[in-house]
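Down below is the structure, laid out as structure tokens.
The model shown is predicted, which means the values in this text are computed figures rather than measured ones.
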Amino acid sequence: MSEKRFPSPVRVKSPSSSFIVSTAWEAVEYLKRWPAKRGREYRIALQHCLDAMDGLRSPRAAQVSFAMAARTAGLLL
């Protein structure tokens, strides 16, 4: 699996700090520690980011899904 860079980074927050997520791999690592409810958008974002890492989906699609999950959970900065 190679690093799949997002077209533009996504800034998200956690209980004690904020993060800039720039790749599908970083998004998956953040999703593993997701500090909010893991609903439908979370599951879609996780699958899209894993697919992007495997070359089955574009980094742009993964970024959009990740940002939507973060926005829905109130984690987008």
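- One distance of note links CZ of Arg5 with OG of Ser22; it measures 5.5 Å at 0.5 Å rounding.
- Under a hydrophobic clustering in which Ile, Leu, Val, Met, Phe, Trp and Tyr are joined whenever their side-chain heavy atoms come within less than 4.5 Å, directly or via other members, Met53 and Phe19 fall into the same cluster.
- Between Leu75 and Pro35, the closest side-chain pair of non-hydrogen atoms falls below 4.5 Å.
- When side chains are defined from C-beta on, Val10 does not count as touching Ile20, because their heavy atoms never get closer than 4.5 Å.
- Arg57 contributes atom CZ, which lies 7.5 Å from atom CD of Gln47 (distance to the nearest 0.5 angstrom).
- Ring geometry, Phe66 versus Phe6: the interplanar angle falls from 30° to 60°, so the pair is classed tilted.
- Here the closest heavy-atom approach between residue Ala70 and residue Val12 is recorded as CB-CG1, 3.8 Å.
- The shortest heavy-atom contact between Ser18 and Leu77 is CB-CD1, 3.4 Å.
- Listed for the Gln63 side chain is no donor-acceptor partner under 3.5 Å among the backbone atoms of Pro59.
- Follow the hydrophobic side-chain contacts under 4.5 Å out from Tyr30 and you never reach Val64; the two are in separate clusters.
- Under the 4.5 Å side-chain criterion, counting only non-hydrogen atoms from C-beta, Trp25 is not in contact with Lys4.
- Within the model, atoms CG of Leu31 and CZ of Arg43 stand 12.5 Å from one another, a figure rounded to the nearest 0.5 Å.
- Residues Val28 and Leu50 are in side-chain contact: their nearest non-hydrogen atoms beyond the backbone lie under 4.5 Å apart.
- Taken to the nearest 0.5 Å, the CE atom of Met68 stands 5.5 Å off from the CZ atom of Arg71.
- Minimum heavy-atom separation, Ala69 to Ala45: CB-CB, 3.8 Å.
- Distance check, rounded to the nearest 0.5 Å: OG of Ser65 to CG of Asp51 gives 9.5 Å.
- Between the side chain of Tyr42 and the main chain of Trp34, no donor-acceptor pair closer than 3.5 Å is present.
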